[in-house]
Amino acid sequence: MRTLSRDDITAILPHRPPMLLVDWARLDGEGEITARKAVTEDEPCFVAESLRGVSGAMVYPVSLVVESFAQAGLILWKVARRAGAEDSGGVPLFGSLKDGSVEGEAFPGDVLEHRIRLDKAMPDAAFLSGETWVGQRRILTVGLLVAVARPSPRGA
């Protein structure tokens, strides 16, 4: 197991606050990662009143839960690519999600815990699966997430 520092994470991901949605990550073995994102009431998404749920509580958008999951998967893929000397660079993109289900919600004060497996990796694509938990509650299941790397624009 190897824990990644915030500096390690920002060296791997192109994202920066407020769109950096991984606070902590641990490589759990070959092809597996556990990553966390603390949801706070200071998130830019909570500025809109429309994010209040039925109970009036602020609900963290599912799109950001999925984005956080995808960022954690990207960390795993990039580390695997570097270990295998297959990192050809390029801009990483979230391609598609299949067989996903949302089973719960997250709120300020919750910590998202993504448990992700790298099912298959190629130099320009990765196939991942896993789950997101808040404590003992599973809130997201991902059967297949496809990530791709596209060539960087010239001069970028």
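Computed over heavy atoms, backbone and side chain alike; hydrogens, waters and symmetry mates excluded.
Applying the side-chain hydrogen bond (donor to acceptor under 3.5 Å, both in side chains) test to Ser5 and every residue at least two apart in sequence or in another chain returns Asp8.
Clustering ILVMFWY residues whenever any of their side-chain heavy atoms sit less than 4.5 angstrom apart, transitively, puts Val102 in the very cluster that holds Tyr60. Hydrophobic clustering (ILVMFWY, side-chain heavy atoms < 4.5 Å, transitive): Val111 and Val134 are in distinct clusters. Hydrophobic clustering (ILVMFWY, side-chain heavy atoms < 4.5 Å, transitive): Val142 and Ile116 are in one cluster.
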Residue pair Phe127, Leu145: steps toward the side chain to side chain contact (heavy atoms under 4.5 Å, CB included) verdict: CA-CA 6 Å; Phe127 302 88; Leu145 182 138; over 6 Å; no

Chi angles and distances behind the side chain to side chain contact (heavy atoms under 4.5 Å, CB included) call for Leu97, Leu144: CA-CA 6 Å; Leu97 186 145; Leu144 174 65; over 6 Å; no

Trp133 vs Arg36, side chain to side chain contact (heavy atoms under 4.5 Å, CB included): CA-CA, chis, key distance, verdict: CA-CA 9 Å; Trp133 294 77; Arg36 294 186 184 135; over 6 Å; no

Audit row: Leu112, Val39, side chain to side chain contact (heavy atoms under 4.5 Å, CB included) steps and yes/no: CA-CA 7 Å; Leu112 306 176; Val39 177; 4.0 Å; yes

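In this structure, the side chains of Thr40 and Phe46 stay at 4.5 Å or more apart for every pair of heavy atoms.
In this structure, NZ in Lys37 is found 8.5 Å from CG in Leu20, a value given to the nearest 0.5 Å. To the nearest 0.5 Å, atom NZ of residue Lys120 and atom CG of residue Leu128 are 13.0 Å apart. In this structure, the separation between CG on Asp124 and CZ on Arg150 is 6.0 Å, given to the nearest 0.5 Å. How far CZ of Arg26 is from CE of Met1: 5.5 Å, rounded to the nearest 0.5 Å.
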Could you list the donor-acceptor pairs under 3.5 angstrom formed by side chains in residues 69-76, with sequence neighbours left out?
from, atom 1, to, atom 2, distance (Å)
Gln71, OE1, Leu21, N, 2.7
Gln71, NE2, Met19, O, 2.8
Gln71, NE2, Glu67, OE2, 2.9

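Residues Ser68 and His114 have side chains that bring a donor and an acceptor to within less than 3.5 angstrom of each other. Counted by atom type alone, Thr141 and Glu103 present one or more donor-acceptor pairs between their side chains at under 3.5 Å. Counting only N and O atoms by type, the side chains of Thr34 and Arg115 include no donor and acceptor under 3.5 Å apart.
Side-chain atoms of Arg137 come within 3.5 Å of backbone atoms of Glu105 as a donor-acceptor pair (strictly under, hydrogens ignored). In this structure a side-chain-to-backbone donor-acceptor pair under 3.5 Å is missing from Glu32 to Gly29. Under the 3.5 Å distance criterion, the side-chain polar atoms of Asp23 are matched with a main-chain donor or acceptor of Ala38.
Nearest heavy-atom pair across Met58 and Phe107 is O-CD2, 3.0 Å. Listed here is the closest heavy atom pair of Thr3 and Trp24: CG2-NE1, 3.4 Å. Nearest heavy-atom pair across Asp28 and Ile33 is OD2-C, 3.6 Å. Ile139 approaches Ala106 most closely through the heavy-atom pair CD1-CB, 4.2 Å.
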